[in-house]
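Every value quoted in this text rests on a predicted model; they were computed, and no experiment measured them. Only heavy atoms go into these numbers, but all of them, side chains included; no hydrogens, no water, no symmetry mates.
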Amino acid sequence: MEQSEGLSRRMHLAVRSPELMSRHDTALVVIDVQERLMPVIDQGPRIIWNIRRLIDGAKILGLPVVATEQYPKGLGPTVPELASRLGQIPDKVMFSCRGCPQLFEDLAQQGIRKLLVVGVEAHVCVQQSVLDLLADGWRVFVAADAVGSRFAIDYQTALHRMSCAGAFLTTAEAALFEWCEVAGTDEFKQISHLVREVFPPNNPS
């Protein structure tokens with residue numbers, strides 16, 4: 001009986017938690033990291049740096065990466081450090097990414113069920129997108145060190161509200177290791193290199 005119970009526990013531990021992201025079921029969503037907006041965002045350079053590491057990590061591990069721009073005529077294009085790593089970026093005037101439905105239809109067709117959301121502003125476009133995505137049935141994660149607002153009260157309140165609504169808060173480093181899942185591979189070595197970077201990086205491009 002004890003042997004049977006032990007086997008049952010080992011079999012149970014072999015199942016990966018659905019609360020964890022995977023390279024096979026997760027995409028990275030980069031929201032509105034634009035040239036005229038980022039200079040006024042608290043911790044803006046660090047946010048860009050963390051998003052760049054997440055984009056690089058996603059590409060190493062084969063995760064889809066999508067992005068949006070909010071009214072680029074007024075707020076400018078995506079900052080060059082990220083734009084050079086992204087494909088075509090649709091624009092929107094709706095604050096929520098609900099204004100770019102094709103992005104998420106394409107991800108769903110690829111079997112993606114989880115989204116790691118990053119970008120700005122935390123209390124406007126990020127928050128409205130996250131709440132809409134949750135309502136649409138997505139499992140949503142938010143990297144707290146890769147989103148931002150102009151003012152701390154807006155940032156803190158947005159994180160609290162998104163968490164209360166069902167989004168999972170995480171960090172860029174935690175997400176990278178979660179996607180990677182195992183050590184000892186060439187991909188892990190590349191991810192470890194990203195994690196060991198010191199802010200600001202020597203070569204941000």
Show me, pair by pair, the donor-acceptor contacts under 3.5 angstrom made by side chains of residues 58-73, not counting sequence neighbours?
unit_1: Lys59; atom_1: NZ; unit_2: Arg85; atom_2: O; d: 3.1
unit_1: Thr68; atom_1: OG1; unit_2: Asp32; atom_2: OD1; d: 2.8
unit_1: Glu69; atom_1: OE2; unit_2: Thr78; atom_2: N; d: 2.8
unit_1: Glu69; atom_1: OE2; unit_2: Thr78; atom_2: OG1; d: 2.8
unit_1: Gln70; atom_1: OE1; unit_2: Lys92; atom_2: NZ; d: 2.7
unit_1: Gln70; atom_1: NE2; unit_2: Val93; atom_2: O; d: 2.9

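- Here the closest non-hydrogen pair linking Gly74 and Arg36 is O-NH1, 3.0 Å.
- Aromatic ring orientation, Phe177 versus Phe188: tilted (interplanar angle from 30° to 60°).
- Minimum heavy-atom separation, Ile51 to Ala146: CD1-O, 3.6 Å.
- Within the 4.5 Å cutoff, no side-chain heavy atoms of Val117 are placed close to those of Val147.
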Original post:
Does the pair Val29 and Leu116 meet the rule for a side chain to side chain contact (heavy atoms under 4.5 Å, CB included), with working shown?
Top reply: CA-CA 6 Å; Val29 180; Leu116 177 65; over 6 Å; no
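- No continuous path of ILVMFWY side-chain contacts below 4.5 Å connects Trp49 to Val79, so the two sit in separate hydrophobic clusters.
- No side-chain heavy atom of Val120 sits under 4.5 Å from any side-chain heavy atom of Gln34.
- Linking ILVMFWY side-chain heavy atoms closer than 4.5 Å, directly or via other members, places Phe104 and Val126 in a single hydrophobic cluster.
- Annotation: side chain of Val30 is not in contact with side chain of Ile89 (no heavy-atom distance under 4.5 Å).
- Side-chain contact between Pro77 and Glu35 is present, with heavy atoms from C-beta onward closer than 4.5 Å.
- Phe95 belongs to a hydrophobic cluster whose other members, connected by ILVMFWY side-chain contacts under 4.5 Å either directly or through intermediates, are Val124.
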**OP:** Test Val195 against Leu176 for side chain to side chain contact (heavy atoms under 4.5 Å, CB included), laying out the working first.
**Re:** CA-CA 8 Å; Val195 169; Leu176 288 168; 4.1 Å; yes
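- Put simply, Val130 and Ile41 are part of two different groups of oily side chains (I, L, V, M, F, W, Y) that touch within less than 4.5 Å, one to the next.
- The backbone N or O of Asp145 sits less than 3.5 Å from a side-chain atom of Asn50, completing a donor-acceptor pair.
- No continuous path of ILVMFWY side-chain contacts below 4.5 Å connects Val142 to Met21, so the two sit in separate hydrophobic clusters.
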Original post:
How far apart are the C-alpha atoms of Ile112 and Trp138, what are their side-chain angles, what is the distance that settles it, and do they pass the side chain to side chain contact (heavy atoms under 4.5 Å, CB included) test?
Top reply: CA-CA 9 Å; Ile112 300 300; Trp138 295 88; 4.0 Å; yes
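- Two residues are said to be in side-chain contact when any heavy atoms from C-beta on lie closer than 4.5 Å; Met38 and Val33 meet this criterion.
- Without hydrogens or angle criteria, Ser129 side chain to Ser96 main chain gives no donor-acceptor distance under 3.5 Å.
- Between the OG atom in Ser22 and the CZ atom in Arg113 there is a gap of 8.0 Å [rounded to 0.5 Å].
- Residues Gln127 and Glu121 form no side-chain contact, since every pair of their non-hydrogen atoms from C-beta on lies 4.5 Å or further apart.
- We find the CG-CD1 distance between Asp42 and Ile47 to be 7.0 Å, quoted to the nearest 0.5 Å.
- With contacts defined as side-chain heavy-atom distances shorter than 4.5 Å, the pair Leu20/Ser17 qualifies.
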Original post:
Checking side chain to side chain contact (heavy atoms under 4.5 Å, CB included) for the pair Glu181/Arg16: CA distance, chi angles, key distance, verdict?
Top reply: CA-CA 10 Å; Glu181 189 175 355; Arg16 196 163 193 255; 3.2 Å; yes
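- Residues Arg53 and Asp56 form no side-chain contact, since every pair of their non-hydrogen atoms from C-beta on lies 4.5 Å or further apart.
- A salt bridge links Glu197 with Arg52: the closest approach of a Lys/Arg side-chain nitrogen to an acidic carboxylate oxygen falls below 4.0 angstrom.
- Considering every non-hydrogen atom in both Leu82 and Ile48, the closest pair reads CD2-O, 3.9 Å.
- Between Asp132 and Gln128, the side chains place no donor N or O within less than 3.5 Å of an acceptor N or O (distance only, hydrogens not considered).
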**OP:** Could you please spell out the steps behind the side-chain hydrogen bond (donor to acceptor under 3.5 Å, both in side chains) verdict for Asp106 and Gln110?
**Re:** CA-CA 7 Å; Asp106 292 345; Gln110 297 175 53; over 6 Å; no
Identify all side-chain donor-acceptor contacts of residues 151-175 below 3.5 Å with residues at least two apart in sequence or on another chain.
unit_1: Tyr155; atom_1: OH; unit_2: Ala144; atom_2: O; d: 2.6
unit_1: Thr157; atom_1: OG1; unit_2: Ile153; atom_2: O; d: 2.7
unit_1: Thr171; atom_1: OG1; unit_2: Ala174; atom_2: N; d: 3.2

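- Shortest non-hydrogen contact noted between Ile31 and Cys125 is CG2-CB, 3.8 Å.
- Nearest heavy-atom pair across Thr26 and Trp179 is CG2-NE1, 3.9 Å.
- If you take NE2 on His24 and NZ on Lys114, they are separated by 11.0 Å, rounding to the nearest 0.5 Å.
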